[in-house]
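In listed order, ligands and their atoms are each counted from 1. The model shown is predicted, which means the values in this text are computed figures rather than measured ones. All values below come from the heavy atoms of this structure, side chains included, with hydrogens, waters and symmetry mates left out.
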Amino acid sequence: MSIISLILLSSFFSHLLTLTAQKPFVYYKCFNNQANYTHTSAYHTNLNILLSNFTSVTKVDYGFFTSSYGQDPDMALAVGLCRGDVKPETCRGCISNATILLPKLCPNQKEAFGYYDLCIFRYSNPSLSETDQYPDFYYAFRNPEMVTADQNKYKDALDRLMLNLKSIAAAGDSHRKLAVGNATVDKSRTVVYGLAQCMPDLSNEDCDDGLLKAISDISVCCQDKVGGRVIKFSCNIRFDHFLFYDPTAIDSSVQLSLPITNAVLAPPTNTTSSRGERKSTRLSLIVVKIIAPIVISVILSCSVGCYLLRRKIKNRSQSILKENFGEESSNMKSLQFSLATIEAATNKFSEANKIGKGGFGEVFKGVLTDGREIAIKRLSKSSVQGILEFKNEILLIAKLQHRNLVTLLGFCLEEQEKILIYEYVPNKSIDFFLFDFEKQRLFNWFERFNIIKGIAQGLSYLHEHSRLKVIHRDLKPSNVLLDDKMNPKISDFGMARMIAIDEDHGCTNRIVGTYGYIAPEYLIYGQFSEKSDVFSFGVIILEVLSGKRNATSYDTYLLTNVWKLWNEGTPLQVLDPYVRESSCEIEAMKCMQIGLLCVQKNPEYRTTMTQVVSYLSNLSIKLPSPKEPPFLIHSKAVTLPELSDSDQTFRSSKRASNEISISEFLPR
Ligand SMILES: *[C@@H]1O[C@H](CO)[C@@H](O)[C@H](O)[C@H]1NC(C)=O
Ligand SMILES: *[C@@H]1O[C@H](CO)[C@@H](O)[C@H](O)[C@H]1NC(C)=O
Ligand SMILES: *[C@@H]1O[C@H](CO)[C@@H](O)[C@H](O)[C@H]1NC(C)=O
Ligand SMILES: *[C@@H]1O[C@H](CO)[C@@H](O)[C@H](O)[C@H]1NC(C)=O
Ligand SMILES: *[C@@H]1O[C@H](CO)[C@@H](O)[C@H](O)[C@H]1NC(C)=O
Ligand SMILES: *[C@@H]1O[C@H](CO)[C@@H](O)[C@H](O)[C@H]1NC(C)=O
Ligand SMILES: CC(=O)N[C@H]1CO[C@H](CO)[C@@H](O)[C@@H]1O
């Protein structure tokens with residue numbers, strides 16, 4: 001099923017007219033992943049009762065309906081939300097039409113979702129979906145018309161508008177989380193209109209996160225288009241070049257009007273693009289996208305000039321940031337580094353400062369003038385991701401803070417450079433110790449156990465406890481760094497997401513990962529989930545225990561070997577001699593069993609990271625017996641491309657078969 005479908009442009013007035021005629025859903029979905037119900041089931045009865053008077057049991061004042069009926073395993077829950085400008089009676093009609101139509105369209109499914117222009121409706125069986133109240137799912141539409149005004153100005157105005165609307169909507173109360181507004185794009189009075197809305201029962205933070213994620217999805221669905229919508233259960237956004245909502249029906253306190261962008265951002269555009277040979281509009285577009293931030297950053301960095309000038313400019317730059325990022329501007333400012341600062345810190349990216357090279361670019365060590373050590377990831381220049389999308393990504397990632405994750409300190413965007421700045425973690429990555437015959441001995445059991453626990457906690461945070469669910473997708477020993485006290489810190493989380501956006505807006509058809517650590521379902525079918533990270537984690541545990549690497553090809557010798565010895569009752573032979581010496585066999589055996597539970601072939605059998613953390617914190621918890629790991633080497637189903645460098649991150653172009661994979665950051 002395709003993620004993005006096109007709909008024809010409908011004007012505000014035509015859609016007021018069509019209200020009187022019954023319409024099919026703009027979009028609907030029957031969820032087939034749960035057991036179907038039959039017409040004699042208790043769920044069916046509960047759902048019928050719930051839906052029969054759904055719109056009459058809730059007051060319609062705020063356009064939000066939620067109620068449930070029945071007892072636990074068969075409970076039916078329904079939620080409806082009208083667009084913020086819809087009048088109460090129309091709202092009731094829209095939802096009540098949905099309650100009639102949806103069960104007809106999805107006669108067997110326990111969970112279904114329907115979307116009309118004016119309302120969203122969903123029902124489900126909460127006891128079955130172990131996931132969140134609002135599971136991951138989104139549907140995007142675009143108005144296929146291309147922007148005819150200056151695309152960059154349109155995009156800038158749109159981003160400013162949406163980020164501001166996000167902040168207003170997220171600040172709403174438990175009755176209403178809504179904002180609408182317009183932004184003037186250019187002097188010819190091109191205007192872009194926007195709307196942002198969350199389910200009012202969402203927390204302010206979840207609303208903010210969900211909308212931020214939806215806004216960054218605009219670049220995936222609707223690049224350079226005049227209009228688009230990203231529709232999720234928990235929140236939705238829409239923008240277009242015509243007035244698609246009725247401003248008279250919306251409280252003025254949640255309406256916004258942004259004037260034309262500060263002229264500082266515009267003029268360099270013309271000079272640059274008129275001089276150069278315009279290879280393609282795409283190229284000039286990139287140039288323009290880069291010029292604006294340079295102007296901002298030059299003003300920001302302000303390395304020359306007297307104090308007065310500095311002060312004057314500073315105020316101005318703050319207002320520019322404010323215009324561009326609304327409420328986020330203060331966050332962005334503290335994260336932004338100038339290229340001059342980075343060049344000074346790395347001795348102009350000197351070879352001597354280079355500490356690594358990966359699939360995404362080069363890594364340098366640097367020292368700031370205040371003495372702080374930093375690691376600088378310089379993304380390769382061929383990257384085509386837009387500046388604003390890149391910034392949105394950084395905002396998402398900067399929100400992730402955990403002692404077992406490398407901290408993102410900031411970024412720099414100047415002169416085609418896209419640079420990420422991280423805290424510097426001194427003791428290299430764990431593969432450096434693990435697979436080096438000499439250094440292995442420095443790694444006693446206590447340290448190894450601490451590393452396993454730390455990785456588990458960091459990963460569990462990414463999967464379950466951060467407000468944004470993040471799947472790492474490229475977990476391997478060289479991505480686990482050690483601080484000065486030998487605590488592990490996971491790096492490169494979130495990179496996968498940035499890279500995915502770089503690619504042809506498809507997102508789902510590329511596999512990022514490293515042979516040996518990739519879960520089989522991801523490698524073969526392109527399906528990924530937290531369970532693919534769990535698999536990679538399991539391989540790491542087994543490597544930490546055995547001190548052996550087997551990731552040089554998709555050879556599963558290590559897994560095969562551990563599995564064989566485990567079943568033969570001689571698992572101690574797996575252990576590295578130094579681990580065996582330090583005589584913590586019980587702990588080591590527990591870890592091995594956890595490792596095997598993580599690398600089981602069927603992702604459903606694999607444990608979750610939260611379970612792993614609890615197993616590791618209480619070794620007297622009884623563990624389930626692991627099932628067989630995958631032995632891909634025997635499978636004829638995959639032909640793998642040649643791989644030159646063992647540690648190389650590769651991307652293959654297998655098509656993913658699950659649509660959910662479009663989104664690695666899942667709002668919670
Ligand atoms: C439920 O029924 C639909 C067809 O009505 C089918 O496509 C789907 O696979 C079924 N789901 C399950 C879990 O049996
Ligand atoms: C709605 O239906 C339920 C179940 O039959 C019933 O308990 C409730 O009183 C009904 N409410 C209204 C307003 O009819
Ligand atoms: C609901 O359906 C009726 C016809 O069954 C139609 O007259 C009405 O306009 C519809 N309401 C909305 C809001 O779509
Ligand atoms: C933009 O919104 C403001 C109110 O927020 C309104 O007064 C103004 O007319 C709108 N501009 C356009 C062009 O619709
Ligand atoms: C780890 O880093 C600290 C501080 O930089 C250093 O003293 C220590 O020797 C390092 N440990 C190893 C095993 O390299
Ligand atoms: C550890 O797990 C065992 C068995 O599940 C339980 O009896 C014990 O209370 C747990 N200990 C702690 C400290 O949670
Ligand atoms: C492909 C590869 O390098 N396989 C190795 C896995 O590990 C075992 C034992 O260390 C080696 O014998 C294999 O050659």
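Near C94, meaning under 4.0 Å from any of its heavy atoms, are these atoms of ligand 3: 13 (C). Taking every non-hydrogen atom of S620 and a distance limit under 4.0 Å, the qualifying atoms of ligand 6 come out as 1 (C), 2 (O), 3 (C), 4 (C). Those atoms of ligand 6 that come under 4.0 Å of a heavy atom in I621, given as number and element, are 2 (O). Listed by atom number, the atoms of ligand 3 under 4.0 Å from T90 heavy atoms are 13 (C). Near Y193, meaning under 4.0 Å from one of its heavy atoms, ligand 4 places the atoms 12 (C), 13 (C), 14 (O).
Ring orientation note: the planes of Y193 and Y245 are nearly perpendicular, at an angle over 60° on the 30°/60° scale. Aromatic ring pairs are classed by plane angle as parallel below 30°, tilted from 30° to 60° and perpendicular above 60°; the pair F233 and F113 is perpendicular.
Taking the ring centroids of Y116 and F25, they lie under the 6.0 Å cut-off. Note: F54 and Y123 fail the aromatic proximity criterion, with ring centroids not under 6.0 Å apart.
In this structure, atom 14 (O) of ligand 4 is in close contact with the protein, since a protein heavy atom lies within 4.0 Å of it. For atom 2 (O) of ligand 6, the nearest protein heavy atom lies under 4.0 Å away. In this structure, atom 9 (O) of ligand 4 is not in close contact with the protein, since no protein heavy atom lies within 4.0 Å of it.
In terms of protein heavy atoms, atom 11 (N) of ligand 4 is closest to N182 ND2, 2.9 Å. Among all protein heavy atoms, the one lying closest to atom 12 (C) of ligand 6 is N618 ND2, 3.2 Å.
Side-chain contact between L462 and L459: present, with at least one pair of heavy atoms (C-beta onward) separated by less than 4.5 Å. For the pair D240 and E145, the minimum side-chain heavy-atom distance is 4.5 Å or more.
N450 and N487 are linked by a side-chain donor-acceptor pair at a separation below 3.5 angstrom, with hydrogens and angles left out of the test.
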